[in-house]
K.L.:
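Below: one structure in structure tokens.
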Amino acid sequence: MYFSKLYAPTLRETPAEAEVVSHQLLVRAGFIRKSSSGVYTYLPMAQRVLQKISRIVREEMDKAGGQEVALPIIQSADLWLESGRWHVYGKELFRLKDRHDRDFCLGPTHEEIITDLIRTDVSSYRQLPLLLYQIQNKYRDERRPRFGLMRGREFIMKDLYSFDKDEAGLEISYWKMHEAYTKIFTRCGLDFRPVEADSGAIGGSTTHEFMVMAESGEADIVYCPECNYAANVEIAPCKPDDNEQGTPLTLEMIETPQVTTAEMVAGFFDLPLKKIIKTMFYQVGEEIVAAIVRGDRSINEIKLQRLSAADIIELASPEKVKEITGAESGYVGPVGLVEKGIKVFADEEIKTMVNAVCGANKAQYHFRNVRPERDFQVTAYVDLRLIEPGESCPQCPSTLKSARGIEVGQVFKLGTKYSKALNAKYVDENGAENFIVMGCYGIGVSRTMAAAVEQNNDNEGIIWPVAIAPYHAVVIPVAVNDPVLKQAAEELYHELEQCGIETVIDDRNERAGVKFKDADLIGYPVRLTVGKKMLEEGLIEVKLRKDKVISFIKRNDIIEFIKDVLENS
RNA sequence: CGGGGCAUAGCGCAGCUUGGUAGCGCACCUGGUUUGGGACCAGGGGGUCGCAGGUUCGAAUCCUGUUGCCCCGACCA
């Protein structure tokens, strides 16, 4: 490709609205432009990257037995009413009406559509397992689109749905996909981890999220450096720490003016934070429940939520807290709550606390020498806290580290949720009807592109992994008005192209500095400069984007050299 | 959805407080000089100042409304 013809308008300045580095660089390097909030146009460079990612995804899906389909983006409300999600999906569903005033939506995901498809055409166990996938635009009217491609309202996603006759079959499909995902992200050249995660509103038991490791990621994860354990902090199980024991003393109420936070309480009583009991109230549907953890811990709301059937839990309003306890938050505690009919969920660590301190449910007072069970009742002891780095790995004796990740894929076991809702059954070997057992497996293709940039960049620009780079190499003739140099660059360019090395030749009548800057910004893995050394000694200057080293290779050896570099990257 | 901010040329911004008919840098076009890390000189094109009302002799500037966009939070495959 001749750069002079390439539609890749680069920008010297960073657009003001771009916050994260992937957004800034993709805009600056001429890959994307914003159309409206959370909606982007992909320019030729981005399109090439997306197609490379898609191609890798397709190859691995096909290898795993998947078959590609194309599903409607405009979906009738009827199916969504049938599955019940028309009302529960909420405002994130892009809804529209046709000229007859009938309801439709733009597909945010395709469980309804695909289940509808197979329920009419799949009727026998002989047709199972079946793996169908699609790579298409998805639509979600995000409350707050942000971070460029990372959280858009229109985005490209691969979804594969598996249909099995039973749980055992689903188990096989699930791990097949897990393996395929591992291959996909490995081939894309990304540093990633599959992590155990919360299955959220979609339901189902097991789920893994595939996280590209990057500081800018939205997900907090913990992982073990020794074994393969990794989990989203939302679900990472915690082992209770041993509490300091001692002779139980008598409960006392102490006046504690203006002492409200756990840190202040600890300071006031001259005790470590771990001797404090922290009490939080949550609104769970119509009910208010209390959750208690040690002062040095945080409550994991996901774990709390899993204890109830409610979809949403949120911190109770200060008014509610006062109404129930008679005190302001800061002076609340678990004593007497169960007697008032309030459920109290205590973290497992609470159980063995001795001579602890908690709010007295009376303004300006705390209790000290509190002991669970002697001084207050709990509804249940459960794992309720947020894990912290440095805690021990659940699988091995090592300690966990923390990291942040960008979720680029997830694998879910759906079970029979949708087949039951939409009545998708098959007849088994014994002639009995059963619901089809489903799984769904998504990869954010456009998000993967952004994640790749997020993980691979420096001050100068993007550093594309070879497998998904828009082009492999750029040839820079240092002066295009020197006919000999220009000719040499042209020949090199054509030879590279003929060898299947995707190349851009920067034939613009620009100073070399401009071309170098753009090459770094765009992030071609290999840069070939044709300059004085070519004319004088027959040497081509080679620089790899990912490192600083410049080497000179004989013109005759250059093709083999580049091939070698690309294959080993 | 709560809180905050912004909207002036393709991009980044100034002008607004104190109304007088729009400017800077980059980009773009023409000519010339340059040519290994975002060159220089000269000339040029491009904006109903987000939109709609209002105040005023006169509004980018003041007032009201409205739309879009961004950030923080809540929420989320």
Side-chain angles (χ1 to χ4, degrees), chain A residues 9-20 23-24 27-28 30 33-39 85 89-93 107-111 138-148 150-153 155-160 197-204 207-211 218-219 232 234 283 301-302 305 311-315 317 406-412 414 440-448 459-461 476-482 485-486 506 508-522 527 529-535 541 543 548 550:
Chain A
T10 57
L11 267 34
R12 190 182 296 205
E13 285 168 298
T14 301
E17 64 184 23
E19 191 68 13
V20 295
H23 188 194
Q24 293 173 348
V27 171
R28 274 194 64 208
R33 289 290 183 261
K34 186 173 74 182
S35 174
S36 59
S37 180
V39 181
R85 286 210 292 182
Y89 212 97
K91 289 191 174 169
E92 245 169 68
L93 193 59
T109 174
H110 287 69
E111 282 86 3
K138 306 279 163 116
Y139 296 83
R140 289 190 196 165
D141 196 357
E142 289 283 346
R143 283 166 196 222
R144 189 179 153 205
R146 57 180 146 176
F147 305 145
M150 306 267 269
R151 183 165 295 281
R153 295 196 293 174
F155 52 97
I156 304 169
M157 186 156 159
K158 185 279 312 183
D159 256 327
L160 183 141
D198 178 43
S199 53
I202 292 185
T207 178
H208 287 85
E209 293 170 339
F210 283 74
M211 297 283 187
E218 289 184 88
N232 194 310
E234 289 175 347
Q283 184 85 44
E301 294 184 6
I302 299 283
Q305 181 168 353
D311 288 336
I312 305 163
I313 65 164
E314 57 188 354
L315 274 175
S317 65
I406 300 165
E407 185 194 339
V408 288
Q410 84 288 336
V411 288
F412 267 103
L414 290 171
C440 79
Y441 316 86
I443 288 179
V445 174
S446 43
R447 183 186 275 189
T448 297
N459 284 336
E460 297 302 315
I476 299 182
V478 129
V480 286
N481 51 7
D482 179 332
L485 253 185
K486 189 177 180 198
D506 197 340
R508 292 175 300 171
N509 185 16
E510 287 284 356
R511 299 163 69 87
V514 173
K515 298 182 185 183
F516 291 146
K517 285 285 185 189
D518 271 344
D520 288 345
L521 180 58
I522 290 167
R527 187 184 86 192
T529 308
V530 182
K532 286 196 297 281
K533 290 247 188 189
M534 178 63 209
L535 298 181
E541 175 189 313
K543 182 178 173 300
K548 301 267 182 274
I550 287 175

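Chain letters run A, B, ... following the sequence lines, proteins first, then strands; residues in each count from 1. These numbers come from a predicted model, not from an experiment.
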K.L.:
Give me the distance, rounded to whole Å, that separates B:rU48 from B:rA9 when you measure between the C1' atoms they each carry.
P.N.:
13 Å

K.L.:
Looking only at N and O atoms, is any donor in the side chain of A:R151 or the base of B:rC76 less than 3.5 Å from an acceptor on the other one?
P.N.:
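Donor-acceptor pair under 3.5 Å: yes.
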
K.L.:
Using the side-chain contact (heavy atoms from CB on, under 4.5 Å) criterion, which residues pair with A:P145? Sequence neighbours excluded.
P.N.:
A:S37, A:E142, A:R153

K.L.:
Between the protein and nucleotides 11-13 of chain B, are there any N/O to N/O pairs under 3.5 Å, and if so, what are the atom names and distances?
P.N.:
unit_1: B:rC11; atom_1: O2; unit_2: A:E13; atom_2: OE1; d: 3.4
unit_1: B:rG12; atom_1: OP1; unit_2: A:A16; atom_2: N; d: 3.1

K.L.:
Which residues satisfy the salt bridge (charged side-chain N to carboxylate O under 4.0 Å, His left out) test with A:K34, sequence neighbours excluded?
P.N.:
A:E17

K.L.:
Is it the case that B:rG37 (base atoms only) and A:R527 (side chain only) share a donor and an acceptor within less than 3.5 Å, ignoring hydrogens and angles?
P.N.:
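Counting by modelled atom types and ignoring angles, a donor-acceptor contact under 3.5 Å is found here.
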
K.L.:
Regarding A:G531, tell me which of base, sugar-phosphate or nothing describes its non-hydrogen contacts under 4.0 Å with the strands shown.
P.N.:
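Base, at least one base atom sits under 4.0 Å.
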
K.L.:
May I have the distance from A:R85 (atom CZ) to B:rA77 (atom C1'), rounded to whole angstrom?
P.N.:
10 Å

K.L.:
Just jot down the side-chain contact (heavy atoms from CB on, under 4.5 Å) partners of A:F147, sequence neighbours excluded, or say none.
P.N.:
A:V20, A:M150, A:E218

K.L.:
Considering residues at least two apart in sequence or located in another chain, which fulfil the ring-ring contact (aromatic ring centres under 6.0 Å, His included) criterion with A:Y89?
P.N.:
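Residues passing ring-ring contact (aromatic ring centres under 6.0 Å, His included) with A:Y89: A:W80.
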
K.L.:
Classify the nucleic acid contact of A:E19 as base, sugar-phosphate or nothing, counting any heavy atom under 4.0 Å across all strands shown.
P.N.:
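If one applies the 4.0 Å heavy-atom cut-off, A:E19 turns out to touch the sugar-phosphate alone, with no base involved.
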
K.L.:
Considering only nitrogen or oxygen atoms on both sides, find all protein atoms under 3.5 Å from nucleotides 28-34 of chain B and state each distance.
P.N.:
unit_1: B:rU34; atom_1: O2; unit_2: A:R511; atom_2: NH1; d: 3.1

K.L.:
Got a sec, which residues hit side-chain contact (heavy atoms from CB on, under 4.5 Å) with A:R508, two or more places apart in sequence or on another chain?
P.N.:
A:F3, A:S4, A:D506, A:E510, A:V514, A:K515, A:D518

K.L.:
Using the side-chain contact (heavy atoms from CB on, under 4.5 Å) criterion, which residues pair with A:K543? Sequence neighbours excluded.
P.N.:
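By the side-chain contact (heavy atoms from CB on, under 4.5 Å) rule, A:K543 matches A:R527, A:I550.
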
K.L.:
What pairs with A:H110 under ring-ring contact (aromatic ring centres under 6.0 Å, His included), at least two apart in sequence or on another chain?
P.N.:
none

